[in-house]
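Everything on this sheet refers to the single structure shown next.
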Protein chains: 2
Amino acid sequence: MLTERRAAILGMVVSEYISTAEPVSSRAIVARHRLDLSTATIRNELARLEEDGYITQPYTSAGRVPSDLGYRTFVEMLMLEEPVEAQEQRTIEHQLHQVVGGLDEWLSLSATILAGSVGNAAVVTRPRAASSRLRHAQLVELNHDTALLVAVMDDGRVRQRMLPLQTPASQALLTERAVRLNARIEGADARLARSVASELADPDEAGTVRAIADLIDEQRIAEETFLDGLNSVLRQPEFLDADRMLEAVATLQTYRMRGLLEQTMDAQLGSTQVVIGHEHGDDSMQEWSMVISRYGDEDAIGTVAVIGPTRMPYHRTIPRVRYVARLMSHLLHEVRQS
Amino acid sequence: MLTERRAAILGMVVSEYISTAEPVSSRAIVARHRLDLSTATIRNELARLEEDGYITQPYTSAGRVPSDLGYRTFVEMLMLEEPVEAQEQRTIEHQLHQVVGGLDEWLSLSATILAGSVGNAAVVTRPRAASSRLRHAQLVELNHDTALLVAVMDDGRVRQRMLPLQTPASQALLTERAVRLNARIEGADARLARSVASELADPDEAGTVRAIADLIDEQRIAEETFLDGLNSVLRQPEFLDADRMLEAVATLQTYRMRGLLEQTMDAQLGSTQVVIGHEHGDDSMQEWSMVISRYGDEDAIGTVAVIGPTRMPYHRTIPRVRYVARLMSHLLHEVRQS
DNA sequence: GTTAGCACTCTCGACAGGAGAGTGCTAACC
DNA sequence: GGTTAGCACTCTCCTGTCGAGAGTGCTAAC
């Protein structure tokens, strides 16, 4: 049972560990908070906290380190969020207004700013329509047995894919086919397109529509995800030795490819979600935490997230992710107005 | 003076060091090449090579390590290029044909393949028209004192930028202005646009045209550069300790931003250029080498490059960069046909 | 010009020892 | 029962030493 005092001590352990990255000793706790208790008493409480799984020892007779459960408890009930002060807000807004380019540059800059503000890596994904639909598809002859399929979505995305043909087709034929297929699936979502595909007799036509369905669904993670702050993360003491650092780079790179979306399907716009260590299904993410938020509006939603070791300043990160997400929603709205 | 024998020995030192990453001893040379000379003789020659600046010793009485001059000499006159065998060509082509998406995905995949093939990082930049011209510009009202400038180039690039206005302007006014300015600068290159800008009396109009000129010139490095193989590079023994690895990540990241183009302005299409260590002007690149090639055609040119430590298998890297660049030129041509 | 021999230098890994940090436990205390 | 002083114990980490090993430069002889 987590008594009030034990909870307080847990909070001290977690925040101390977050800021020092060193196992926290009973003495450090007493000293830092000028407690009117002896180290022995603290040690007794620490033993209980360890028994209950909130903290662990790296080795016998070292200080204590929070477990994932410890962090979770900290986030849920112990921490005091550190608000984004007016000064910092101004700095962030100022940087964000430096953008001279288009959406992509803006997203990339957002990731950079967020990463800088929290000292960990940040990821921003491009906003996407909740469920996109096909506006128009086109077929272009590449050579005698390959066509290029170009699909324009109603949220303005343009996707293309090479399409092998079973039966060679001229440009005229392809154009005619595109007109015919457009008539059937314009405005369709991926599901409808797939059901149409299954009704088509001609294998090339069916293939084309299936490809279109894929394109509607497709999340081109690599191109739609902006990652920055690799440097900041790698500077964290958990990656002091080269092997771990290498592993970290690999994790972040592959993670970038895989994308965050699957994890955050259920995140509400405006809320901020925290995933700590083993709470990721993924084995390679056991030592990482993410703070995730959505931004955008009903039309299109993107993701903002911070990634770092589980020893992360949640009390700073969470409000900052939330703030940036909100800011981005606003700015996106402003731009959309036009 | 570099006698023939000394040159041969230098070649052995360089290639041995490239493959083992360990300082090369006189004994290793004799043993590896079954020379009919004693180690003492080799030592004498090594001393001369060191005197002449081709090799150095990390510390007294360690083996020898090539200097930048040593690598340069190796590349220029000693190495035997290792051709890309038919089997490897097939593998590369096969991978490259996996692309289902558009140009960007294709470029990003090319970087990945090249990086994998040579075991170092690879960079690919998007092909750009040698000198682009404006096709059409548009002004959109964002709010009362900001407009969005959208410029379409004749090579199909679309660039946008927010434009602060000195005098507020309605959408009607902006549209009218765009029509007027288009009439004057459609088809203009950056230089012509700038000279037109200097003739305009209205500061907002002059500002707009200047911004257009910038956009024509602009190389949005961050978005136009595809980097892969960070992992491969970091696995090289030169980055065994964490500090160096951190430095390497930083270098590659900033390098990515800065782009390669300035370095390669003079590179001819089809030729392959090698820049070794201090030959970069840049301080942070003293320990890096690059193998650079251009691809594309008269209409648009991009860059393919491999980046790694100066201890790089030049004899493998150079032909592979050249091969990939050629392949990309072909494929680009094929796609352009359509 | 080549080579054997040898003294010398420097690195690197292993090992031991000691300081330091921190714990758990016990017994006494309030 | 909770609290605490005291203490033995454990584990890490730093330091210094030592010897093996690798490789060189030099000298003198071929």
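Labels below follow one simple rule: chain letters A, B, ... track the order of the sequence lines, proteins then strands, and each chain is numbered from 1.
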- request: Determine, stepwise, if the pair A:Glu238 / A:Arg244 fulfils salt bridge (charged side-chain N to carboxylate O under 4.0 Å, His left out).
  value: CA-CA 8 Å; A:Glu238 14 275 284; A:Arg244 281 169 179 280; over 6 Å; no

message: What is the distance, to the nearest angstrom, from the OH atom on A:Tyr59 to the P atom on D:dT10?
response: 15 Å

- request: Establish, with yes or no, whether the OP1 or OP2 oxygen of C:dT2 is under 4.0 angstrom from a side-chain nitrogen or oxygen of B:Thr41.
  value: no

- request: Let me know the distance between CZ of A:Arg5 and P of D:dG2, rounded to the nearest Å.
  value: 9 Å

message: Pairs counted only when both distances fall under 3.5 Å, Watson-Crick or G-U: show me the 5' to 3' dot-bracket for DNA chain D, [ ] for pseudoknotted crossings and | for other-strand partners.
response: ||||||||||||||||||||||||||||||

- prompt: Can you give one letter per nucleotide of nucleotides 19-30 of chain C, 5' to 3': B if a protein heavy atom sits under 4.0 Å from the base, S if only from the sugar-phosphate, - if neither?
  reply: ---BBB------

- line: Those residues at least two apart in sequence (or on a different chain) that pass side-chain hydrogen bond (donor to acceptor under 3.5 Å, both in side chains) with A:Glu81 are A:Arg322

task: Could you go through the side-chain contact (heavy atoms from CB on, under 4.5 Å) check for A:Leu10 and A:Leu78 one step at a time?
output: CA-CA 8 Å; A:Leu10 175 58; A:Leu78 302 175; 3.9 Å; yes

- request: Please report, rounded to the nearest Å, how far the C1' atom of D:dT4 is from the CD1 atom of A:Ile29.
  value: 17 Å

message: With a 4.5 Å cut-off on side-chain heavy atoms, are A:Leu2 and A:Leu49 touching?
response: yes

query: What is the minimum heavy-atom distance between A:Glu279 and A:Val274, and which atoms define it?
result: OE1-O, 3.9 Å

message: Run the ring-ring contact (aromatic ring centres under 6.0 Å, His included) test against B:Tyr314 and tell me which residues pass, sequence neighbours left out.
response: B:Tyr71

field: Interatomic distance where CG belongs to B:Leu35 and C1' belongs to C:dG1 [whole Å]
entry: 16 Å

task: Please name all residues satisfying ring-ring contact (aromatic ring centres under 6.0 Å, His included) with B:Phe239, sequence neighbours left out, ordered by chain then number.
output: B:Trp288

Partner set under ring-ring contact (aromatic ring centres under 6.0 Å, His included) for A:Phe74, not counting sequence neighbours: none

field: Rounded interatomic separation in angstrom, taking CZ from A:Arg48 and P from D:dG1
entry: 13 Å

